[in-house]
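Structure first, commentary second.
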Amino acid sequence: QVQLVESGGGLVQPGGSLRLSCAASGFTFSRSAMSWYRQTPGKERELVATITTTGVGTTYADSVKGRFTISRDNTENTVYLQMNNLKPEDTAVYYCNAKDMSRGWPSRNYWGQGTQVTVSS
């Protein structure tokens with residue numbers, strides 16, 4: 001019973017901040033690379049940030065680099081996305097993704113249901 005539950009979304013003014021959380025269960029979180037994606041109506045789902053299993057390595061989309069920070073707590077099986085200096089173009093549904101590599105190849109991908117982020121004055 002795999003579960004990825006996102007939380008922390010909401011309405012915020014431009015320049016404001018939000019922190020998203022994704023609580024994971026039902027798989028080996030510590031052997032899973034974690035990512036945040038986002039999607040707006042009529043657009044493809046976009047990769048926002050990725051973090052390696054130990055949290056040592058991170059990757060960001062150019063559009064959020066310097067403003068967003070991805071982190072993880074392997075004790076709590078939770079991944080976070082700290083979003084600062086939010087812009088209207090950041091408005092989207094944000095999804096948590098797990099790439100589970102604990103049982104070899106191919107890896108298995110799991111998705112949360114998403115949390116809405118709206119940036120508007």
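Owing to the predicted nature of the structure, the values given are computational and were not obtained by experimental measurement.
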State whether a side-chain donor-acceptor pair under 3.5 Å links S30 with N74. no

Under a 3.5 Å distance rule, please check whether S107 uses its side chain to pair with a backbone N or O of D100 as donor and acceptor. no

Can D90 and R67 be said to form a side-chain contact (heavy atoms from CB on, under 4.5 Å), step by step? CA-CA 11 Å; D90 295 319; R67 299 187 297 120; 2.8 Å; yes

Check the pair R103 / R108 against side-chain contact (heavy atoms from CB on, under 4.5 Å), numbers first and verdict last. CA-CA 9 Å; R103 297 190 177 188; R108 290 169 288 181; 3.2 Å; yes

Closest contact, heavy atoms only, A98 versus M34: CB-SD, 3.5 Å

Distance from Q82 atom CD to S71 atom OG, nearest 0.5 Å? 8.0 Å

Compute both the distance and the angle, then confirm whether R38 meets the cation-pi test with Y95: under 6.0 Å from the six-membered ring centre, within 45 degrees of the axis. no

Kindly say whether E76 contributes a backbone atom to a donor-acceptor pair with the side chain of T78 at under 3.5 angstrom? yes

What distance separates N77 CG from R72 CZ, expressed to the nearest 0.5 Å? 8.5 Å

Determine, using the 4.5 Å side-chain heavy-atom cutoff (strictly less than), whether V93 and V48 are members of one ILVMFWY cluster. no

Gap separating the CG atom of L47 from the OG1 atom of T59, nearest 0.5 angstrom: 8.0 Å

Could you walk me through whether V117 and L18 satisfy the side-chain contact (heavy atoms from CB on, under 4.5 Å) test, starting with their C-alpha distance in whole Å, then the side-chain angles of each, then the deciding distance to 0.1 Å, before giving a yes or no? CA-CA 9 Å; V117 172; L18 286 173; 3.9 Å; yes

Are side-chain heavy atoms of S32 and Y110 found at a separation under 4.5 Å? no

In the single-linkage hydrophobic clustering (I, L, V, M, F, W, Y; side-chain heavy atoms under 4.5 Å), do L11 and L86 co-cluster? no

If you count every heavy atom of other residues, nucleotides or ligands that lies below 6.0 Å from Q116 atom CD, does the total exceed 12? yes

To the nearest 0.5 angstrom, please state how far the CD atom of E46 sits from the OG1 atom of T40. 8.0 Å

Quick check for you: to the nearest 0.5 Å, what is the distance between E6 atom CD and S21 atom OG? 10.5 Å

List the residues meeting side-chain hydrogen bond (donor to acceptor under 3.5 Å, both in side chains) with T50, not counting sequence neighbours, and say none if there are none. S35

Determine whether V12 and T118 satisfy the following criterion, side-chain contact (heavy atoms from CB on, under 4.5 Å), listing intermediate values before the conclusion. CA-CA 6 Å; V12 65; T118 303; over 6 Å; no

Please determine whether residues Y37 and I51 belong to a single hydrophobic cluster, defined as Ile, Leu, Val, Met, Phe, Trp and Tyr linked transitively by side-chain heavy-atom distances below 4.5 Å. no

Cation-pi, Y80 ring and R19 (6.0 angstrom, 45 degrees): yes

Going by the side-chain contact (heavy atoms from CB on, under 4.5 Å) test, name the single residue among N97, I70, L4, D73 that passes it with V79. I70

Side-chain contact test, heavy atoms from C-beta onward, threshold under 4.5 Å: evaluate it for C96 versus W36 and give yes or no. yes

Could you state the interatomic distance from CZ (F68) to CG (L20), rounded to the nearest 0.5 Å? 8.0 Å

